[in-house]
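Every value quoted in this text rests on a predicted model; they were computed, and no experiment measured them. Throughout, protein chains are lettered first and strands after them, A, B, ... in sequence-line order, and every chain is numbered starting at 1.
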2 protein chains.
Amino acid sequence: MFEARLVASATLKKVLEAIKDLLTDASFDCSDVGIQLQAMDNSHVSLVSLILRSDGFDKYRCDRNLTMGMNLASLTKIIKCANNDDTVTIKAQDDADTVTFMFESKKHDKISDYEMKLMNLDQEHLGIPETAFSCKIKMPSVEFARICRDLSQFGDSVMISCTKEGVKFSAAGDIGSANIKLTQTTNFDKEEESVIIDMQEPVTLTFACQYLNSFTKATPLSVQVQLSMSANVPLVVEYQIPDLGHIRYYLAPKIEDDEN
Amino acid sequence: MFEARLVASATLKKVLEAIKDLLTDASFDCSDVGIQLQAMDNSHVSLVSLILRSDGFDKYRCDRNLTMGMNLASLTKIIKCANNDDTVTIKAQDDADTVTFMFESKKHDKISDYEMKLMNLDQEHLGIPETAFSCKIKMPSVEFARICRDLSQFGDSVMISCTKEGVKFSAAGDIGSANIKLTQTTNFDKEEESVIIDMQEPVTLTFACQYLNSFTKATPLSVQVQLSMSANVPLVVEYQIPDLGHIRYYLAPKIEDDEN
DNA sequence: TTACGCTGCA
DNA sequence: TGCAGCGTAA
């Protein structure tokens, strides 16, 4: 059987918020490693990669690898029935076609369980190569979300340019053009507010705002976000989930000649 | 003449919120006892019973019994013109076809009055027998509201099952099934948070979510709600209105054979 | 037009 | 953390 317990359902709620805009359905792969999800978004443009490590759970048991296909709208309805401080336990029998979510209030006077049918989803196994990147930018996740939101007012695309001077986000359109420049901060007191730029080689790439804005739905999961870029390979937007894992989004750059 | 005064109109606003989803028009019976209302809801499925006792008013005078038929949409518009801490006075002449609402600010620097036409409504006098119930459940009213809201995600009906183990609320539908179990709490410190179950005989009954959700509009009136159930008789959902009276909702159970 | 859910504020 | 007001969706 499979059983995984988290003492606070809040994290699970945030994880769901972070993927449900991009995915209608999702296959969660459960194994000794933890719970993993890799999937192209609905429009097959971006890619979501999620890992919740087994050691991050308060209890974790997985006798046999299993894949749980879930409709995320249904899952969202169920998770919303939990209070943020409820303990949540996910259970499934081996080869079962249902999964059970159990929520327990801190005082143990309210116990609810929700059973959901699993789906058989086409498994698209995606090889994601681990590569070295020309530029890595760490910054406050709310800052990144704000930049994406602000720039999407100006056009459909954001150009991200990373040089030794810092990182510049740009957009242009009918109403005008916008540039937002960030420089590395030397604020070591508040690590969560710092901007850290690791540039091996300057890179300038352009991305569709729409997807970046979907990625920023993960903002509540982590105070910092890391952007990794190299020429001609997908951008990686990574949010660490404290003590539990991470969620990564991959988005291929727009081809520059297409930019009209 | 008839005259009734409350030092805070907030209660009156909440009472109105608690009935206007169910009733388009309402006949308020005024007598020495106080202001009473008994009516089937618009769809003639559930029943609302309201009493605002005369001794709960800050001033109450009723020379002659009278019935005031009001359109609740109009009444709502008028009551919304009062600030929550305004003193409200309801006045009607004997045999008058209008009622007057007077709102006074605490500092007496603003006095408004609103006159509304009364309606002649068909009086359906409903005998509600006082019966003993197999199970009475007292619980926080917000908890009950939350349970009704959560379970209505899963289906049109909620099954309430009261046994010596506690009370269980269940629903099932396309996306899955849900069970919420509450056990009696022994938390005597915070009476308003406690769950108290008085079970003479176990009962399991099924009700339409839609009406339960309408009943929970009374939640702001009281921190606790009481559910009373016996086999084959209507559920009673009761909210005490502190120092003033109560509102009770009656809803017949669904016939079990109908459950497909 | 009404009811519900959400976000922002206290 | 809880409420109230706003915006949306039926």
Atom [atom1] of [X] and atom [atom2] of [N]: how far apart are they, to the nearest Å?
| X | N | atom1 | atom2 | value |
| --- | --- | --- | --- | --- |
| B:Ile19 | C:dT2 | CD1 | P | 15 Å |
| B:Asn83 | D:dA4 | CG | C1' | 14 Å |
| B:Gln210 | D:dA10 | CD | P | 17 Å |
| B:Leu23 | C:dA3 | CG | C1' | 16 Å |
| B:Asp21 | C:dT1 | CG | P | 17 Å |
| B:Leu75 | C:dT2 | CG | P | 14 Å |
| B:Glu17 | C:dT2 | CD | P | 11 Å |
| B:Asn213 | C:dA3 | CG | C1' | 11 Å |

Mark up nucleotides 5-10 of chain C, 5' to 3', with B wherever a protein heavy atom is under 4.0 angstrom from a base atom, S wherever such an atom reaches only the sugar-phosphate, and - elsewhere.
SS----
Without hydrogens or angle criteria, can the side chains of A:Ser9 and A:Asp86 be said to hold a donor-acceptor pair below 3.5 Å?
no
Validation row, ring centre A:Tyr114 to ring centre B:Phe154 under 6.0 Å:
yes
Work out which heavy atom in B:Val225 is nearest to a heavy atom in B:Pro140; give both atom names and the distance.
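Reported closest heavy-atom pair: CG1-O, 4.3 Å.
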Is it the case that more than 12 heavy atoms not belonging to A:Asp156 sit under 6.0 Å from its CG atom?
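Not buried by this count: 12 neighbours or fewer within 6.0 Å.
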Return yes when atom CG of B:Asp55 has more than 12 non-hydrogen atoms of other residues, nucleotides or ligands closer than 6.0 Å, and no otherwise.
yes
Tell me whether the OP1 or OP2 atom of C:dC4 has a side-chain N or O from B:Lys217 closer than 4.0 Å.
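It does, given that an N or O in the side chain of B:Lys217 lies less than 4.0 Å from OP1 or OP2 of C:dC4.
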Using the side-chain hydrogen bond (donor to acceptor under 3.5 Å, both in side chains) definition, which of the options B:Thr76, B:Asp25, B:Thr24 pairs with B:Asn71?
B:Asp25
